[in-house]
Amino acid sequence: MNLFNSFRAAIVEAVESLVQAGTLPAGLPVGAISVEPPRDASHGDLATNVAMVLGKPAKLAPRAIAEALKPLLAALPDVTAVEIAGPGFINLRLTPAFWQARLRDVLAAGTAYGDSKVGGAAAVNVEYVSANPTGPMHVGHCRGAVFGDALSALLEKAGYAVTREYYVNDAGAQVDVLARSAHLRYREALGESITIPEGLYPGDYLKPMGAAIAKADGEKWLKVPEGEWLPAFRRLAIDAMMVLIREDLAALGIVHQVFSSEKALHDGGAVTAAVDDLASRDLVYTGVLEPPKGKMPDDWEPRPQLLFRATQFGDDIDRPLKKSDGAWTYFAADIAYHWDKYRRGFGRMINVLGADHGGYVKRLKAAVQAVSNGAASLDVKIIQLVNLLDGGQPVKMSKRSGSFVTLRDVVDEVGKDVVRFIMLTRKNDAALDFDFQKVREQSKDNPVFYVQYAHARINSVMRKAGAVAAESLDGASVERLDHPSELALIRALASWPRLVESAAEAHEPHRIAFYLYDVAAEFHALWNLGNDEPGLRFVQDRDPGLTRARLALIRGVATVIASGLQVLGVTPVEEM
RNA sequence: GAUCCCGUAGCUCAGCUGGAUAGAGCAGCCGCCUUCUAAGCGGCAGGUCGCAGGUUCAAAUCCUGCCGGGGUCGCCA
């Protein structure tokens, strides 16, 4: 439990004892009581809204409640002062010893500091990337990949049992396009000169695949009709693409535990089973849809078709399950996919999707509601676009010619750590600028380097301190860390567990990047105090005890930074 | 037309699921290297939180309606 929640529990207890004493009426709602760090540090260490929240239900003035609580809160361990402020805030001040003890917590836990049990080991499925296996990954996929991976790590840190999953769209027309494109490259590898017709994939990445098949199978697929080679090329091409994609992901440090196949859902009867299941609960019917609004498709004609009652679950229209040729729609397979996830034991699902899937969210949520009878939850995180820039100028990409900026290009250019960190410096639903020039810069403009620099600087001090740092810091006299800036830094470290919990609950890994930046800034500030006042430098040659205490402090900073970077999947650097 | 996202300092963005006097970084101005890494730090200046209502003890935050910018709309995947 984070320290704010511990105090919250103590405050709720105090309220209950006032109820016992008859000062407050029984049956008060305590759910809205919060304990937070005050925005303004001069207000103290903790602030609670308890008196204001209870004012109305208790039919008492907030300040009167606050006055009644004051002696009880003042008697709590570690509390040095209780102040009532503004409309009824209660501000608590804590002893330096309390904060110094938190530093010991950090050192004792190491990078496990911040690990939480709020998740209760609940199973969460995070589906991310799920790029169509028709080519290498490009930068557009990158942000979602990093986001999903960091979110997974964050949820794990918060105590959830996370499964990282990739949904492979290996069914449908695009796979035929891929297979035909691959066959063309195969013919090319056997000496034919080819032209790539409109509608097939022109990218060079298919050349090695064609060559490999030519080498393995010779002219086996050259003279037979398409009906014979197509199934084989479908499988070969998908497999090869998935190898490529896994390599791309590995370059970013991303490994999925589960790859689910759309085709397998069809072949294994899951689609039929899922739709039957819905039909048995009257969630499927045959009806006629209104024509789509906006731009009217040329070939629209109203006709009866199999529909899912998505409107019962908040969607705008009911959604088709079968195409005119009798095949299942993509959405039907998606229903089956989530039906399958639920049956695999996932009561919590998170889908990380690209910006172009915004219109898909309602029907997905409807599907999850339907297949789980309302028991499962789905959160869909839409990842907005990344604008690739170089010195403020847009980087040109042409998807048609097959020459787009690949994920691998970017990782090779600036490195995995930079890509990952930058991708998390904006919340997922806002667009993000990725400027190569800025990202290569080693300055404060570049948040990655700023945070890394703090970590490296700490290591530099440790090296400088030599023998003192070599000894264990466990027994350091942390009570000597009594400067306001030192205590402020400890407070920042001590808020890490709370941040982990709130970021995990909100599914917002970007908060970690911002937090680390703040911690780094606070450390750099303390460092510079030592420039003006030599007595505040970490290493004090004439006072090994004080040196050890301060080294303990900055080791704590390095530990929390490392702990946060670990969640983001970024390697802390020791030296710069 | 429907739907989703965005609108906060000149620029790029945070704002801890409703709290107190709205915060950073760039850019501008003024300072700090005989120093544990100046790859850094301190200070000044900069705001009708798009607009208008509503809910609340309390709204940048929640609700409604507008105004701007962007995405999406299909029997595609």
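Protein chains get the first letters and strands the later ones, always in sequence-line order, with residue 1 at the start of each. Hydrogens, waters and symmetry mates play no part in the numbers below; they use all other heavy atoms, side chains included.
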S.K.: Establish whether the base of C16(B) is bridged to the side chain of Arg498(A) by a donor-acceptor pair shorter than 3.5 Å.
M.R.: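 Yes, the side chain and the base share a sub-3.5 Å donor-acceptor pair.
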
S.K.: Which part of the nucleic acid does Ala456(A) contact within heavy-atom distance under 4.0 Å: base, sugar-phosphate only, or nothing?
M.R.: base

S.K.: Contact class for His357(A) vs. all strands (heavy atom < 4.0 Å): base, sugar-phosphate, or nothing?
M.R.: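 Contact class for His357(A): base.
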
S.K.: Can you measure Ile382(A) atom CD1 to U72(B) atom C1' for me and round it to whole angstrom units?
M.R.: 10 Å

S.K.: When you get a sec, tell me which of C75(B), C41(B), C16(B) is the closest nucleotide to the side chain of Asn528(A)?
M.R.: C41(B)

S.K.: Phosphate oxygens OP1/OP2 of A38(B): is one of them under 4.0 Å from a side-chain N or O of Arg457(A)?
M.R.: yes

S.K.: Contact class for Ala173(A) (heavy atom, under 4.0 Å): base, sugar-phosphate, or nothing?
M.R.: sugar-phosphate

S.K.: Kindly say whether Ala456(A) contributes a backbone atom to a donor-acceptor pair with the side chain of Ser460(A) at under 3.5 angstrom?
M.R.: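 Side chain of Ser460(A) to backbone of Ala456(A), a donor-acceptor pair under 3.5 Å: no, none is there.
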
S.K.: Under the 3.5 angstrom rule, does the side chain of Arg550(A) hit a backbone N or O of Arg537(A) as a donor-acceptor pair?
M.R.: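 It does hold such a pair.
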
S.K.: Could you measure between the two C1' atoms, the one in G50(B) and the one in C5(B), and give it in whole Å?
M.R.: 15 Å

S.K.: Report yes or no: is the cationic atom of Lys323(A) (NZ for Lys, CZ for Arg) under 6.0 Å from the centre of the six-membered ring of Trp328(A), at an angle within 45° of the ring normal?
M.R.: no

S.K.: For a quick check of understanding: with a heavy-atom distance under 4.0 Å over all strands, which category does Ser460(A) fall into, base, sugar-phosphate or nothing?
M.R.: base

S.K.: Output the rounded distance in Å from CG (Asp316(A)) to P (G74(B)).
M.R.: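 Asp316(A) atom CG is separated from G74(B) atom P by 10 Å.
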
S.K.: Check whether Phe331(A) forms a cation-pi arrangement with Arg319(A) (NZ or CZ under 6.0 Å from the six-membered ring centre, at most 45° off the ring normal).
M.R.: no

S.K.: Under a 3.5 Å cutoff, is there a donor and acceptor pairing between the side chains of Asn351(A) and Tyr167(A)?
M.R.: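 Judged by distance alone, the side chains do not pair up.
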
S.K.: Hunt down the Watson-Crick or G-U wobble partner of G40(B), both distances under 3.5 Å, from any strand shown, or write none.
M.R.: C32(B)

S.K.: Considering every strand and a 4.0 Å limit on heavy-atom distances, what is the contact class for Arg511(A): base, sugar-phosphate, or nothing?
M.R.: sugar-phosphate

S.K.: Side chain of Lys323(A) only, heavy atoms from C-beta on: which candidate in A24(B), C75(B), C36(B) is closest?
M.R.: C75(B)

S.K.: For the pair Asp390(A) and Arg440(A), find out whether any cationic side-chain nitrogen is under 4.0 Å from an anionic carboxylate oxygen.
M.R.: yes

S.K.: Searching all strands shown, indicate the nucleotide that pairs with A2(B) (Watson-Crick or G-U wobble; both distances under 3.5 Å).
M.R.: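 Paired with U72(B).
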
S.K.: Please state the P separation for the pair C13(B) and A58(B) - nearest whole angstrom.
M.R.: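 34 Å, rounded to whole Å.
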
S.K.: As a test of reading the structure: which of C16(B), C75(B), A14(B) is closest to the side chain of Arg39(A), going by heavy atoms?
M.R.: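 Nearest to the side chain of Arg39(A) among the choices is C16(B).
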
S.K.: Look at the side chain of Tyr453(A) and decide which nucleotide, out of C75(B), U37(B), U12(B), has an atom nearest to it.
M.R.: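 Of the candidates, U37(B) comes closest.
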
S.K.: Quantified in whole Å, what is the C1' atom distance between nucleotide U3(B) and nucleotide C44(B)?
M.R.: 47 Å

S.K.: Suppose we define a pair by two distances each less than 3.5 Å, Watson-Crick or G-U wobble; what does A58(B) pair with here?
M.R.: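 Pair assignment: A58(B) / none.
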
S.K.: Base, sugar-phosphate or nothing for Val361(A)? Non-hydrogen atoms, less than 4.0 Å.
M.R.: nothing

S.K.: Would the distance check show the side chain of Lys362(A) and the main-chain N or O of Phe313(A) forming a donor-acceptor pair, the cut-off being under 3.5 Å?
M.R.: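 Not confirmed, Lys362(A) side chain does not pair with Phe313(A) backbone.
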
S.K.: Within the stacking criterion (centroid distance below 5.5 Å, interplanar angle below 30°), does Phe89(A) stack on A20(B)?
M.R.: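 The ring of Phe89(A) is stacked on A20(B).
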
S.K.: Could you measure between the two P atoms, the one in G46(B) and the one in G23(B), and give it in whole Å?
M.R.: 14 Å

S.K.: Base, sugar-phosphate alone, or nothing: which one does Ala503(A) contact when heavy atoms must sit under 4.0 Å apart?
M.R.: nothing

S.K.: Nearest-Å distance, NZ (Lys56(A)) to P (C57(B))?
M.R.: 3 Å

S.K.: To the nearest angstrom, how far is Leu536(A) atom CG from U35(B) atom P?
M.R.: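 Going from Leu536(A) (CG) to U35(B) (P), I get 18 Å.
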
S.K.: Look at the side chain of Ser485(A) and the backbone N and O of Leu526(A), then say whether any donor-acceptor pair between them is shorter than 3.5 Å.
M.R.: no

S.K.: Any side-chain donor-acceptor pair under 3.5 Å between Gln174(A) and Thr134(A)?
M.R.: no

S.K.: Under 4.0 Å between any heavy atoms, over every strand shown, what does Gly530(A) touch: base, sugar-phosphate, or nothing? Just pick one.
M.R.: base

S.K.: Would you mind telling me which of U3(B), A77(B), G15(B) lies closest to the side-chain atoms of His510(A)?
M.R.: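 Output: G15(B).
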
S.K.: From A20(B), C6(B), A39(B), pick the nucleotide closest to the side chain of Met576(A)?
M.R.: A39(B)

S.K.: What's the closest nucleotide to the Lys427(A) side chain, out of A14(B), A20(B), C75(B)?
M.R.: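 So the side chain of Lys427(A) is nearest to A14(B).
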
S.K.: Can you check the distance between C49(B) and C4(B), where both ends of the measurement are the P atom (answer in whole Å)?
M.R.: 26 Å

S.K.: Counting heavy atoms from C-beta on, name the nucleotide in C57(B), C36(B), A77(B) closest to the side chain of Phe538(A).
M.R.: C36(B)

S.K.: Syn or anti for C33(B), taking syn as within 90° of 0?
M.R.: syn

S.K.: Once you round it to whole Å, what is the distance between C1' of C32(B) and CZ of Arg537(A)?
M.R.: 13 Å

S.K.: With a 4.0 Å cut-off on heavy atoms, is Asn49(A) in touch with a base, just the backbone sugar-phosphate, or nothing at all?
M.R.: base

S.K.: Both Thr329(A) and Leu526(A) contact RNA chain B. Taking the nearest nucleotide for each, which residue is further toward the 5' end?
M.R.: Leu526(A)

S.K.: Whether Asp543(A) and Arg480(A) form a salt bridge (side-chain N of Lys/Arg under 4.0 Å from carboxylate O of Asp/Glu) is what I want to check.
M.R.: yes

S.K.: If each of Pro62(A) and Ala525(A) is mapped to the nucleotide of RNA chain B with the nearest heavy atom, which maps nearer the 5' terminus, i.e. the 5' end?
M.R.: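 First, find each residue's nearest nucleotide; the 5'-ward one identifies Ala525(A).
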
S.K.: Whole-Å distance between C13(B) P and Phe514(A) CZ?
M.R.: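 It is 10 Å, rounded to the nearest whole Å.
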
S.K.: What nucleic acid atoms does Arg550(A) come within less than 4.0 Å of, heavy atoms only: base, sugar-phosphate, or nothing?
M.R.: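 It contacts nothing in the nucleic acid.
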
S.K.: Measure from CZ on Arg363(A) to C1' on C4(B) and round the result to the nearest Å.
M.R.: 12 Å

S.K.: Closest to the Asp429(A) side chain: G40(B), C5(B), C36(B)?
M.R.: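 The nucleotide sitting nearest to the side chain is C5(B).
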
S.K.: Return yes if the base of A77(B) and the side-chain atoms of Asp170(A) contain a donor-acceptor N/O pair under 3.5 Å, otherwise no.
M.R.: no

S.K.: Does the structure show a Watson-Crick or G-U wobble partner for U64(B), both distances under 3.5 Å? Name it, or say none.
M.R.: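 Paired with A52(B).
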
S.K.: Identify whether any heavy atom of Tyr515(A) sits under 4.0 Å from a base atom; if not, whether one sits that close to sugar-phosphate; answer base, sugar-phosphate or nothing.
M.R.: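 It contacts nothing in the nucleic acid.
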
S.K.: Looking only at atom P, what distance separates G18(B) and C63(B), rounded to whole Å?
M.R.: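 Between the two P atoms, the distance is 10 Å.
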
S.K.: If I pick the C1' atom on U21(B) and the same atom on C62(B), what distance separates them, to the nearest angstrom?
M.R.: 23 Å

S.K.: Checking contacts here: which listed nucleotide (C75(B), A38(B), G15(B)) is nearest the side-chain heavy atoms of Glu508(A)?
M.R.: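 It is G15(B).
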
S.K.: Distance check needed: A58(B) P versus Glu36(A) CD, whole Å only.
M.R.: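 Checked: the CD to P distance equals 18 Å.
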
S.K.: I'd like to know if Ser324(A) reaches the base of C75(B) with its side chain, counting only an N/O donor and acceptor under 3.5 Å.
M.R.: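 Check passes, donor-acceptor contact within cut-off.
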
S.K.: With heavy atoms under 4.0 Å as the rule, sort Ala355(A) into base, sugar-phosphate or nothing.
M.R.: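 Here Ala355(A) touches the backbone only, sparing every base.
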
